Q: 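Pasting a structure below so you can have a look.
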Amino acid sequence: MDADAVLLIGETDNYDGVTVTMEEPMDAEVFTARLRASLSHWRQEGKRGIWIKLPLALANLVEPTVSEGFRYHHAEPNYLMLVSWIPNTPDTIPANASHIVGVGALVLNKDTREVLVVQEKSGYFKDKNVWKLPTGVVNEGEDICNGVVREVAEETGIVADFVEVLSFRQSHKAFLKQKTDLFFLCVLSPRSYEITEQKSEILQAKWMPIKEYVEQPWNQKKEMFKIMANICQKKCDEDYVGFSTVETITGNGKENFVYCNADHAKSLNATRDQASSSL
């Protein structure tokens, strides 16, 4: 039998992880041999988090999976998810939850009208040549205002103070195609300006004129990103408070809502409706 034939079939994600969804019955010994071969292959490829999804009917594979170094991550009524971090680096597998709380930071230098931006080494924006605001996930038990300050310091070395939540949006089935992601865009005021990139995650970081950030092709072509960039520019140009909804579409084509200043939301909706009617 060809060596590749014994490997488990998995779906690769944006973070060099692999998810294997087991569907067909399999003998535990056969599964163990294939799992070991697959882990060896994935290590050679530089994969990191390995997820094994087992339905109730394949409960016989739980013990051999655990024996190969996997742990329980979460369980739903019809399946168990196990995970293993296979490289010799710190484990960054997120804890299980019904929601994930993400944060983005608009760190504004008012004197120069520049914002702090980064390019990431992995994830959705890898190799897209997009300058984006620093983002991250709030840790369990951590407040949004503290989490966003921590993420900025970790990614860029910039010390900043939390000012306010500028807007937020909700995206369903965003994590593992199951959980809801709540993302809060926050305004931060910098207390330092010298950048030190987080080498493990950040390719580059710099201060960029707000106009240049907003006018990036990515922000102009992707509706949700265009709206968020527009909100950032609005905040830089004038006072910006209050929340309302703007219906939009994510980069993956899912319906979504962005929450922002009520008056501006009305303007964004009108602009979008006018653009739609002209198509």
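For this chain, numbers begin at 1 and follow the sequence in order. Source: prediction; values computed, not measured. We use all heavy atoms of the structure for the numbers below, so side chains are in, but hydrogens, waters and symmetry mates are not.
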Q: Looking at L8 and V20, what are the two nearest heavy atoms and their distance?
A: CB-CG1, 4.2 Å
Q: Between D143 and R150, does at least one N-O distance fall below 4.0 Å, as a salt bridge requires?
A: no
Q: Following the transitive rule for hydrophobic clusters with a side-chain heavy-atom cut-off under 4.5 Å over Ile, Leu, Val, Met, Phe, Trp and Tyr, establish whether V159 and V163 coincide in one cluster.
A: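 Looking at the clustering, V163 is in a separate group from V159.
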Q: Please answer whether the main-chain N or O of N14 pairs with a side-chain N or O of K126 as donor and acceptor at a distance below 3.5 Å.
A: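 Absent.
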Q: Are V246 and M228 linked, directly or through other ILVMFWY residues, by side chains that come within less than 4.5 angstrom of each other?
A: yes
Q: Please check this pair: side chain of N109 against backbone of L116, looking for a donor-acceptor N/O pair closer than 3.5 Å.
A: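 No, N109 side chain to L116 backbone: no donor-acceptor pair under 3.5 Å.
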Q: Please determine if D181 and R169 form a salt bridge, counting it only when a charged side-chain N lies under 4.0 Å from a carboxylate O.
A: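 Result for this pair is yes, salt bridge flagged.
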Q: Spell out, yes or no, whether V107 and V118 are grouped together once hydrophobic residues are joined by side-chain heavy atoms under 4.5 Å, including indirect joins.
A: no
Q: Just checking E11: does its CD atom have more than 12 heavy atoms from other residues, nucleotides or ligands closer to it than 6.0 angstrom?
A: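 Check fails, neighbour count at 12 or below.
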Q: Are F31 and V66 linked, directly or through intermediate hydrophobic residues, by side-chain heavy-atom contacts shorter than 4.5 Å (ILVMFWY only)?
A: yes
Q: Atom CG of L54 and atom OG1 of T65: how far apart are they, to the nearest 0.5 Å?
A: 5.0 Å
Q: Could you point out which residue of I52, I93, L80, L82 forms a side chain to side chain contact (heavy atoms under 4.5 Å, CB included) with H73?
A: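 Of all the options given, the one that passes is I93.
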Q: Ignoring hydrogens, what is the shortest heavy-atom contact between G69 and S84? Give both atom names and the distance.
A: O-OG, 3.6 Å
Q: I need the minimum non-hydrogen distance between G136 and E151, along with the two atoms involved.
A: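 In terms of heavy atoms, the two residues are closest at CA-CD, 3.5 Å.
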Q: List the atom pairs, with distances to 0.1 Å, where a side-chain N or O of residues 196-203 and a protein N or O form a donor-acceptor pair under 3.5 Å, not counting sequence neighbours.
A:
unit_1: E197; atom_1: OE2; unit_2: A205; atom_2: N; d: 3.3

Q: Any idea which heavy atoms bring T135 and E155 closest together, and the distance?
A: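 Looking at all heavy atoms of both residues, the shortest contact is O-OE2, 2.7 Å.
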Q: Identify the two heavy atoms, one from A105 and one from V152, that lie closest to each other, and give their separation to 0.1 Å.
A: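 Minimum heavy-atom contact is CB-CG2, 3.3 Å.
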Q: Pair up each side-chain donor or acceptor in residues 211-225 with any protein partner under 3.5 Å, not counting sequence neighbours, and list the distances.
A:
unit_1: K211; atom_1: NZ; unit_2: E215; atom_2: OE1; d: 3.1
unit_1: K211; atom_1: NZ; unit_2: E215; atom_2: OE2; d: 2.8
unit_1: Q216; atom_1: OE1; unit_2: W131; atom_2: N; d: 2.9
unit_1: Q216; atom_1: NE2; unit_2: W131; atom_2: O; d: 2.7
unit_1: Q216; atom_1: NE2; unit_2: Y213; atom_2: O; d: 3.2
unit_1: N219; atom_1: ND2; unit_2: Y213; atom_2: O; d: 2.8
unit_1: Q220; atom_1: NE2; unit_2: V214; atom_2: O; d: 2.8
unit_1: E223; atom_1: OE1; unit_2: T248; atom_2: OG1; d: 2.8
unit_1: E223; atom_1: OE1; unit_2: I249; atom_2: N; d: 3.2

Q: Are I9 and V83 connected in the hydrophobic side-chain network, where two residues link if heavy atoms are under 4.5 Å apart?
A: no
Q: Determine the minimum heavy-atom distance between V6 and A37, stating which atoms define it.
A: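 So the two residues come closest at CG2-CB, 4.1 Å.
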